[in-house]
There are 2 protein chains.
Amino acid sequence: MGPKYSSSRENYLKAIFHLQEIHGTVTTNDVASEMQTRPASVTDMLKKLKAQKLLLYEKYKGFKLSTEGRKVALQIIRKHRLWEYFLVEKLRFGWDEVHEMAEELEHISSKKLVDRLDEFLGFPKTDPHGDPIPDSQGRFTLPRQVDLLNLPVNQQAEVSGIGDQSAEILELLNHKHIALGTRLEVKKKFAFDNSLELKIKNQSPVTISEHVAKNVFVKYEE
Amino acid sequence: MGPKYSSSRENYLKAIFHLQEIHGTVTTNDVASEMQTRPASVTDMLKKLKAQKLLLYEKYKGFKLSTEGRKVALQIIRKHRLWEYFLVEKLRFGWDEVHEMAEELEHISSKKLVDRLDEFLGFPKTDPHGDPIPDSQGRFTLPRQVDLLNLPVNQQAEVSGIGDQSAEILELLNHKHIALGTRLEVKKKFAFDNSLELKIKNQSPVTISEHVAKNVFVKYEE
DNA sequence: AATAAAATTTAGACAAATCTAAAAAATAAT
DNA sequence: ATTATTTTTTAGATTTGTCTAAATTTTATT
Ligand SMILES: [Mn+2]
Ligand SMILES: [Mn+2]
Ligand SMILES: [Mn+2]
Ligand SMILES: [Mn+2]
């Protein structure tokens with residue numbers, strides 16, 4: 001037997017899941033923009049997902065994933081993040097190079113394969129961008145973290161996640177030697193443009209814009 | 001950019017390549033039977049592959065892969081066999097379990113990913129069924145080997161390849177402890193049904209049918 | 001409340017890959 | 001050399017996923 005759902009359907013489920021998580025609610029336009037497609041195409045797909053009972057949908061009134069749809073979405077996300085981890089930890093790709101490949105690998109259907117991969121990798125908790133990897137049953141925990149704008153000045157903290165994960169921001173962070181696990185503290189906040197000056201051990205201070213700061217998440221004690 | 005050719009087109013190229021290798025020539029019906037599809041569907045696809053210059057094709061007269069088509073086919077085969085090797089050596093699957101998964105994985109498009117995987121695996125020469133893995137340029141060498149029917153009696157030899165690779169024969173070979181690399185010799189040939197009695201070191205003799213013997217290839221010195 | 005704007009859905013079209021049934025060509029048998 | 005059989009191709013449908021343009025519904029503004 002091949003995959004249960006087409007790659008396209010799986011991509012929609014994943015997009016809807018993410019938008020639900022972020023905004024609490026999703027619209028047709030949201031999905032269209034996230035998927036780089038047309039609202040009419042989204043509506044077409046909503047009907048198909050509803051027919052498969054993956055989505056609760058009343059036309060013009062809104063939609064959300066069904067229990068089953070959420071379950072399927074989490075399995076795709078699990079695969080996506082495990083493959084990203086594999087690419088970075090075993091094949092030594094950079095964290096800014098793996099997304100496109102994982103976008104294809106996440107559609108490989110064998111559940112047994114994913115579970116064996118998970119085991120091979122030592123059951124990692126988070127992917128190379130700090131995002132939690134759902135376990136075999138789809139369970140995961142959201143890490144408590146704050147973005148750099150909300151980190152108190154002079155408070156040591158460890159980078160634990162990235163919001164926007166475009167290759168562009170990841171490349172910028174690479175350049176400034178900011179990676180997952182990097183320990184740093186905010187030394188100064190400039191009220192003029194909300195830019196920040198950071199200190200990383202054994203490095204000279206670096207400056208980042210408000211836009212970057214909003215997308216770097218850290219955790220810290222106390 | 002996504003994949004250059006659809007999974008379906010890639011599967012056709014691979015099937016045509018294999019049939020060409022075995023029979024020297026391929027027919028529409030051959031491909032249909034190999035791909036479990038209809039001759040009419042094959043003709044449809046032949047036209048598409050021709051339009052993409054992957055196939056040399058004159059209707060009613062026959063067809064074969066172009067240089068480019070052969071190159072693409074070899075890259076798919078390379079990916080198929082490297083992923084099979086990964087599944088067996090790293091994820092500890094049995095050689096009878098990996099084909100279906102590799103059938104999906106072979107369509108992952110990134111060339112860089114395959115080359116890194118190859119490196120990670122230590123540039124293996126053959127897949128878990130003894131089939132040669134083409135290198136990054138598509139080069140490979142066919143191993144010199146004979147099937148068990150043609151192995152002289154009492155000649156020590158090492159299993160180096162399997163013809164028919166259905167899960168059924170692989171499971172049978174598993175049961176009889178015949179795997180790639182197994183050292184064995186033929187002790188007796190029964191003229192009645194061409195069945196063979198084999199001896200594997202530290203094991204009691206096993207009997208295999210002519211049908212099985214034809215599909216087990218070995219290499220030996222002198 | 002009426003109107004304007006935005007969001008969403010429908011209608012109708014198209015490309016890819018497949019199918020069935022029928023026609024055409026090639027091959028085999030008389 | 002005809003005729004019969006097999007192989008291959010065409011004609012016309014179907015399914016999935018997408019699109020544009022137009023219609024409908026909801027929401028925001030006067
Ligand atoms: Mn994807
Ligand atoms: Mn990630
Ligand atoms: Mn395949
Ligand atoms: Mn193989």
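Naming: A, B, ... by sequence-line order, numbering from 1 per chain. This structure is a prediction, so every number in the text was calculated from the model and none was measured.
A cation-pi arrangement is absent between B:Lys90 and A:Phe86 under the rule of less than 6.0 angstrom and at most 45 degrees off the ring axis.
The phosphate of D:dC19 (OP1 or OP2) has a side-chain N or O of A:Thr37 nearer than 4.0 angstrom. Between B:Tyr12 and C:dT18 there is a side-chain N or O to OP1 or OP2 distance below 4.0 Å. Note on A:Ser8: a side-chain N or O is less than 4.0 Å away from OP1 or OP2 of D:dT18.
Remark: A:Lys14 does not engage A:Glu34 in a salt bridge, criterion side-chain N to carboxylate O under 4.0 Å.
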Side-chain donor-acceptor pairs of residues 42-66 of chain A under 3.5 Å, sequence neighbours excluded:
unit_1	atom_1	unit_2	atom_2	d
A:Thr43	OG1	A:Pro39	O	3.3
A:Lys50	NZ	A:Tyr57	O	3.1
A:Ser66	OG	A:Lys53	O	2.9
A:Ser66	OG	A:Leu54	O	3.1
A:Ser66	OG	A:Glu68	N	3.3
A:Ser66	OG	A:Gly69	N	2.9

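Atom CD in B:Gln52 sits about 15 Å away from atom P in C:dA15, given to the nearest Å. The distance between atom CE of A:Met35 and atom C1' of D:dT18, rounded to the nearest whole Å, is 11 Å. C:dC14 atom C1' lies 13 Å from atom CG of A:Asp44, rounded to whole Å. Between A:Arg38 atom CZ and C:dT8 atom P the separation is 15 Å, expressed in whole Å.
Nucleic acid contact for A:Tyr5: none, since no nucleic acid atom lies under 4.0 Å from a heavy atom of the residue.
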From CA spacing to verdict: salt bridge (Lys or Arg N to Asp or Glu O under 4.0 Å), B:Arg81, B:Asp118 = CA-CA 10 Å; B:Arg81 292 179 180 166; B:Asp118 196 7; over 6 Å; no
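Among A:Leu173, A:Leu196, A:Asp147, the single residue meeting the side-chain contact (heavy atoms from CB on, under 4.5 Å) criterion with A:Val216 is A:Leu173.
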Protein proximity profile, nucleotides 4-9 of chain D - base contact B, sugar-phosphate-only contact S, no contact -, cut-off 4.0 Å on heavy atoms = ---SBB
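A:Gly161 approaches A:Leu180 most closely through the heavy-atom pair N-CD1, 3.8 Å.
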